[in-house]
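See below for the structure under consideration.
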Amino acid sequence: MKNNLFTPFDRTQILTFLLVGVVNTAVGAFVMFALYNLAHCSYWLSSAANYVAGGIVSFFLNKRFTFHNGEKSAVQVLLFVLNTAVCYVVAYLGAKHLIQALLKNAGESVRENVALLFGMGFYTVLNFFGQKFVVFARNEKKEAER
């Protein structure tokens, strides 16, 4: 069966991805909100640190438990980093601009905290598709052929 956007998703895969997402989001959110609110780091540094910490957790847990991928490849790591970067930029630029427009009367700290939270959700959706169809796609194709 060809793997594309219209292929029905494996429920177990989605649930495992979401569970891994809870773990890596908790790790990343802790880092992000601690940096932003306690260390007074910038929005961009705090959210970037979130995805560095969460990304490392995500790569290893999703590789092993969600996509059952045993491939050891520098290309796969590079694709993961590229996927993370693209998803991060799209999610956080979009979140920041959308929330700033929607909450223009709120204080800057409120707008940026809401944008951080919204960006996390948006990123998660983009990241699933990126990992499934780009990063771990070779393994998906091999599984489909079996």
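These figures come from a predicted structure and were not determined experimentally.
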Let me check something: any side-chain donor-acceptor pairs from residues 116-127 under 3.5 Å, sequence neighbours excluded? List them with distances.
residue : atom : partner : partner atom : Å
T124    : OG1  : M120    : O            : 2.8
N127    : OD1  : N83     : ND2          : 2.8
N127    : OD1  : Q131    : NE2          : 3.2

>> Side chains of N37 and N113, heavy atoms from C-beta outward: is any pair under 4.5 Å?
In response: yes
> Roughly how far, to the nearest 0.5 Å, is OG of S42 from OH of Y36?
Replying inline: 9.0 Å
> Would L35 and L38 show up in the same hydrophobic cluster when neighbours are defined by side-chain heavy atoms closer than 4.5 Å?
Replying inline: no
> Rounded to the nearest 0.5 Å, how far does SG of C41 lie from CE of M32?
Replying inline: 12.5 Å
> Hey, mind stepping through H68 and K63 against side chain to side chain contact (heavy atoms under 4.5 Å, CB included) and telling me if it holds?
Replying inline: CA-CA 6 Å; H68 306 286; K63 179 181 177 77; over 6 Å; no
>> Just so I know, are the side chains of R111 and L102 near enough to count as touching, which here means a heavy-atom distance under 4.5 Å?
In response: no
>> Taking salt bridge (Lys or Arg N to Asp or Glu O under 4.0 Å) as the cut-off, I'd like each qualifying pair that reaches into residues 86-95, sequence neighbours left out, listed once.
In response: none
>> Using the rule that Ile, Leu, Val, Met, Phe, Trp and Tyr join whenever any side-chain heavy atoms are under 4.5 Å apart, tell me whether V81 and V86 fall into a single cluster.
In response: no
> With F80, which residues qualify under ring pair (Phe, Tyr, Trp, His ring centres under 6.0 Å), at least two apart?
Replying inline: F59
> Just how far is it from atom OG1 of T66 to atom CZ of F128, taken to the nearest 0.5 Å?
Replying inline: 8.0 Å
> What pairs with K96 under salt bridge (charged side-chain N to carboxylate O under 4.0 Å, His left out), at least two apart in sequence or on another chain?
Replying inline: E112
> Which pair of non-hydrogen atoms, one from E71 and one from S73, has the smallest distance, and what is that distance?
Replying inline: OE2-CB, 3.3 Å
> Given N50 and V31, is the side chain to side chain contact (heavy atoms under 4.5 Å, CB included) satisfied, shown in steps?
Replying inline: CA-CA 6 Å; N50 172 8; V31 169; 5.7 Å; no
> Hey, what do you get for CG (L98) to CG (L93), rounding to the nearest 0.5 Å?
Replying inline: 12.0 Å
>> Would you compute the distance between atom CZ of F136 and atom CD of Q13 and round it to the nearest 0.5 angstrom?
In response: 10.5 Å
> Do the non-hydrogen side-chain atoms of F129 and C87 ever get within less than 4.5 Å of each other?
Replying inline: no
> With sequence neighbours left out, what residues match Y88 under ring pair (Phe, Tyr, Trp, His ring centres under 6.0 Å)?
Replying inline: Y92
> T16 side chain to T12 main-chain N or O, any donor-acceptor pair under 3.5 Å?
Replying inline: yes
> How many angstroms lie between CZ in F60 and OG in S58, if you round to the nearest 0.5 Å?
Replying inline: 11.0 Å
What donor-acceptor contacts under 3.5 angstrom involve side-chain atoms of residues 17-24, with partners at least two apart or in another chain?
residue : atom : partner : partner atom : Å
N24     : ND2  : V20     : O            : 3.3

